[in-house]
Amino acid sequence: MNDSVSGVRLPDGTMFPEEPPPQSPLRKWIWLALLCLLVGGYWWYSNQEEAKHTTSHELLEQKVSHAISEFGQKHDAVTEWAHGLPQGTVYSIDVQRALIRKDGRPILFTGRVADIRQNKETLQLEFAPIWDKINLRVILDCREDIINGILSHAPREADYLAVAQIQSVGKVHFRVDARSEGVASTDYDDEGRSLPNVDTFTELELEAGDVFLARGTCVDVRPYPITREQ
């Protein structure tokens, strides 16, 4: 019977298998080189993707900055109005001084259209500027051609540049007037005397946090390069 196990057989019949031949140093270097290639390839690919993303982001920022600068120069508008606002608490007078200019220059806002509505005499655009220091809404009386241009733009969820002449700024307040009809003139008190018919009014005023509302007139509005996800 042939033994398929190679090795050394002792006189008592015990078989010791032969030790496997040592691996060639060249094979170890080959595996090490393959591992280095894999790690290096992954590092190179990651860096290329990061560089591509960074370059794309920088180009987009440059494009947006150029669009704002060009539009602001066209209308001689103030583009850095928010830089003058104080740190911490901001009052209405701070926003008034920033938006209602003594030199009469209009203000350039970047943001999104929150609403468009038609009143009896005017078309109004409600604009939500992109600015995290204060919560600001801008309501502007606009020409019909400006409104039609916004309505025809696709997609509607786009960023816009708006140049406006601001006339007033203040915090948003809600006021509710409640009226009571009082009592009828035929009503009587416990002693049989007639009670007068009086109207009573109750006024309730609520302040809506730190929401500032600016009102003014459109000068020009146009879409600009997208800076955030739609």
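Model, not experiment: these values are computed from the prediction.
Between P129 and T110, every side-chain heavy-atom pair lies at or beyond the 4.5 Å cut-off. Taking the side chain as every heavy atom from C-beta outward, L108 and I68 approach each other to under 4.5 Å. At a threshold of 4.5 Å between non-hydrogen side-chain atoms, the residues H153 and Y160 count as touching. For the pair D159 and R112, the minimum side-chain heavy-atom distance is below 4.5 Å. The shortest distance between side-chain heavy atoms of L85 and I134 falls below 4.5 Å. V138 is not listed as a side-chain neighbour of E126, based on a closest heavy-atom distance of 4.5 Å or more.
One finds the SG atom of C218 at 6.0 Å from the CD1 atom of I147 (value rounded to the nearest 0.5 Å). Note: Q165 CD to H75 NE2 = 12.0 Å, rounded to the nearest 0.5 Å. Rounding to the nearest 0.5 Å gives a distance of 6.0 Å between CG of L161 and CZ of R222.
With hydrogens and angles ignored, the 3.5 Å screen pairs a side-chain donor or acceptor of R105 with a backbone N or O of A77. At least one donor-acceptor pair under 3.5 Å links the side chain of S152 to the backbone N or O of N148.
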Quiz item: Passes side-chain contact (heavy atoms from CB on, under 4.5 Å), I116 versus L151? Steps please.
Solution: CA-CA 9 Å; I116 297 175; L151 293 175; 3.8 Å; yes
Practice problem: Apply the test side-chain contact (heavy atoms from CB on, under 4.5 Å) to residues K171 and V211: give CA-CA distance (whole Å), side-chain angles for both, the deciding distance (0.1 Å), then the verdict. | Solution: CA-CA 6 Å; K171 283 192 175 182; V211 180; over 6 Å; no
Quiz prompt | V169/L213 under side-chain contact (heavy atoms from CB on, under 4.5 Å): CA gap, chis, key distance, verdict | solution = CA-CA 6 Å; V169 178; L213 180 64; over 6 Å; no
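A search for salt bridge (Lys or Arg N to Asp or Glu O under 4.0 Å) contacts involving R143 returns D145, not counting sequence neighbours. Annotation: side-chain contact (heavy atoms from CB on, under 4.5 Å) contacts of T122 (sequence neighbours excluded): N119, Q124, D141. Partners of H66 under the ring-ring contact (aromatic ring centres under 6.0 Å, His included) rule, at least two apart in sequence or in another chain, do not exist in this structure. Listed by chain and residue number, nothing satisfies the ring-ring contact (aromatic ring centres under 6.0 Å, His included) test with F212 (two or more places apart in sequence, or in another chain). Residues meeting the ring-ring contact (aromatic ring centres under 6.0 Å, His included) test with F127, sequence neighbours left out: none.
Across I100, T79, L99, a single residue satisfies side-chain contact (heavy atoms from CB on, under 4.5 Å) together with I107, and that is L99. Applying the side-chain contact (heavy atoms from CB on, under 4.5 Å) test between F109 and each of I130, I166, V221 identifies I166 as the sole match.
Under the side-chain hydrogen bond (donor to acceptor under 3.5 Å, both in side chains) criterion, no residue pair touches residues 82-99, with sequence neighbours excluded.
A salt bridge links D115 with R117: the distance from a Lys NZ or Arg NE/NH1/NH2 to an Asp or Glu carboxylate oxygen falls below 4.0 Å.
Across all non-hydrogen atoms, the minimal contact from Q167 to G216 is OE1-CA, 2.9 Å. Pairing each heavy atom of A128 with each of R137, the nearest pair is CB-NE, 3.7 Å.
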